[in-house]
Protein chains: 2
Amino acid sequence: MRRPVKRPTMKDVARAAGVSPMTVSRVVSGEPGVAPSTAARVEQAVRKLGYQRNDNARHLRQKNLGTSTIGLVVDDLANPFYALMARSVEDEAHRRGYVVLVGSTNDEPRREREVIAAFTARQVDGLILVPTNGGHGFLKQPMAAGTRVVCVDRPGKGLDVDTVTVDNRAGAQRAVTHLLGHGHTRIAYLGDRFDIWTQAERFSGYRDALAAHGVPVDEDLVRHGLRTRESAGAAIGSLRELPDPPTALFTSNDLITLGALDAADRTAPLALVGFDDLPLAERLDPPLTVVSQDPVALGGTAANVLFSRIGGDSSAPRSVVLLTRFLVRASGESGARAPGR
Amino acid sequence: MRRPVKRPTMKDVARAAGVSPMTVSRVVSGEPGVAPSTAARVEQAVRKLGYQRNDNARHLRQKNLGTSTIGLVVDDLANPFYALMARSVEDEAHRRGYVVLVGSTNDEPRREREVIAAFTARQVDGLILVPTNGGHGFLKQPMAAGTRVVCVDRPGKGLDVDTVTVDNRAGAQRAVTHLLGHGHTRIAYLGDRFDIWTQAERFSGYRDALAAHGVPVDEDLVRHGLRTRESAGAAIGSLRELPDPPTALFTSNDLITLGALDAADRTAPLALVGFDDLPLAERLDPPLTVVSQDPVALGGTAANVLFSRIGGDSSAPRSVVLLTRFLVRASGESGARAPGR
DNA sequence: ATGAAAGCGCTAACAT
DNA sequence: ATGTTAGCGCTTTCAT
């Protein structure tokens, strides 16, 4: 097995250029006070040896400058919503010369803790976090030591930090109100795990809308804990077999909307409004009405808040709430059995 | 502005536990040769101070162990295809106790170089790379110094490293052959930048299929350089205005397929087969026929190859080609003006 | 079983 | 303008 060539260090460059390591340091870091001729010699040695500064060693010594690394911890990086958020965070980081460590929690507190521990052990300057429902006591010490934390998409239970979310409750209420406005009263709620903050909020919006119209919540029409596209489809099936089945559906995230579409019955369609837009929503028959949120804005805002904290802003934690948009296409108006108001 | 509390170091723990830093190091790193009673005292001090080991300092000293960090450099993390790949890479990394730095290149060689430089400066043990079309000379020195590199999705020009791709050319050929089999001879090609390897390959597959059927390539029907959903839609418009317009479309990636669907004319539909599956492909009217590739398998395979290299495998670079699947639904058979064979 | 000394690669602080 | 010394937080090596 071929031995890897040792990485050249400043000492090596210094020897090759006939100067001291300190001079190399100055040149490599673009600091003033080096004669142009000396700098040229150093730069030549750098090129000749293919030298690149070891930033880990650098950051170890420079205590006040940080590591120019942030961590991004999301529920699931494969989810297009979080992927868009991640890209947006990455762009903001790149602009500022930062790099981004990413990790997915799968909404498991244990994995969240592992991922965050691995990040803080590497001295990240900040963390953008889609928190799980678990405790976050392990963040206390890193935060006291200066690691900045921003929550995004959901607040962290017991975490007094900046938080960027959308108006989940109002968005859901608007969607369900739309359905009510079209004469539906048997409206099913299909949601992910209820212990996920956004889901609880959206369910509250569902209840709000029904209450405002004097429609009681029928627990038979409520399904929580739908984690997959398949399980959502299955839930629709069971809903159909009810003695008094729903005429309309409110689906509480993109995955569930997809599942509902899979299970859709063209001969007896249900009205449908979903949370989260989908790339082909307008090409469906009928075009899909949705509550749309902007992951790029969420990620970008969270990143900006984080970098302002890293930059020294130590005012009281803020809570930023971005607005959802309600995109009326057609699926909320249809439904074979929708009473003709 | 509140002064951040200094992070406790091993020295602090050592003092609190009444031992030497070396003993703390042994306990924290789970090394043998510490009396249980001593270890207990150290662990208590660790908890009391909220001590966490600084892994950057650790890795600086332990030259043979690496940093347990890999870098993932993709074209665009927001693209669901690369997002899925990223998640898959992250899972493999997490299983092994590694963390992942991510970066998007936007297919710009300059940004690719910046991102990779930032990663290697942080001493990543390996790099999974969706290379741009630029040169990669800057990788030579890090690779000589032991940084492992694996290319995924595309080979890197002049990079003699492990590469994981799919059979783009055969997949495209199959798709176009399908169209030809349904009587189409005026088949348009809509692709992204031709200097992207996958796009060139898919275009070759398009030509192969036509050639095998004795159909000449009509340059009027070929559109390269479609970077956005919108531009793809616009291209369809210009295609329709041709004196002898196409009856069928082959779209060379998901974004372009989406654009083609946006521009679809229900009164005069064109047959359509696309590269890359879409979440709602089967719910469209007509259901969309596609060449499907598996980003999770791509990412997982690339990660496995990388970790086997990091683990010491120094055999000659391999080239792994995964197979695409051709999912026949219906959009390749329809088309108002498809000659009735 | 425990500790002291040295040094990983770099830079702050202080010479010269 | 350049160099020397010390030390960031940790672990290797070699005592004891």
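Lettering follows sequence order; numbering is per chain, from 1.
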A:Asn56 side, atom CG; A:Gln123 side, atom CD - distance, nearest 0.5 Å: 10.0 Å
B:Arg111/A:Glu90 ion pair, N-O < 4.0 Å: yes
Range on DNA chain D touched by chain A - first to last nucleotide, heavy-atom distance under 4.0 Å: D:dA1 to D:dG9
A:Gln62 vs C:dA12: side-chain N/O to OP1/OP2 distance below 4.0 Å: yes
Residue met sooner reading DNA chain C from 5', once A:Lys11 and A:Ser25 are mapped to nucleotides: A:Lys11
B:Lys6 and B:Asp12 ion-paired at < 4.0 Å: yes
Note: A:Arg309-A:Asp162 ion pair, threshold 4.0 Å (strictly below): yes
Interatomic distance, A:Asp12 CG vs C:dC10 C1' [rounded to whole Å]: 13 Å
Whole-Å gap separating P (C:dC10) and CG (B:Asn56): 14 Å
Gap between atoms NZ and C1', on A:Lys63 and C:dT11 respectively (whole Å): 13 Å
Straight-line distance of A:Leu139 CG to A:Leu127 CG, nearest 0.5 Å: 6.5 Å
A:Met85/A:Tyr82 under side chain to side chain contact (heavy atoms under 4.5 Å, CB included): CA gap, chis, key distance, verdict: CA-CA 5 Å; A:Met85 238 186 60; A:Tyr82 294 118; 4.1 Å; yes
A:Ala57 vs B:Ala39, nearer the 5' end of DNA chain C by closest nucleotide: B:Ala39
Atom-pair distance (CG on A:Asn54; P on C:dC8), nearest Å: 12 Å
Protein-nucleotide distance (B:Arg15, atom CZ; C:dT2, atom C1'), rounded to Å: 18 Å
Base C:dG7 paired with B:Arg61 side chain (donor-acceptor, <3.5 Å): yes
Options C:dG9, C:dT11, C:dC14, nucleotide nearest the side-chain atoms of A:Met22: C:dT11
Value in whole Å for how far the P atom of C:dC10 lies from NE2 of B:His59: 17 Å
C:dT2 phosphate, OP1 or OP2, under 4.0 Å from B:Thr38 side-chain N/O: yes
Sugar-phosphate, base or nothing in reach of B:Arg7, heavy atoms under 4.0 Å: nothing
5' precedence on DNA chain D between B:Arg58 and A:Arg41 (nearest-nucleotide basis): A:Arg41
Residue among B:His59, B:Gln52, B:Arg53 satisfying side-chain hydrogen bond (donor to acceptor under 3.5 Å, both in side chains) with B:Asp55: B:Arg53
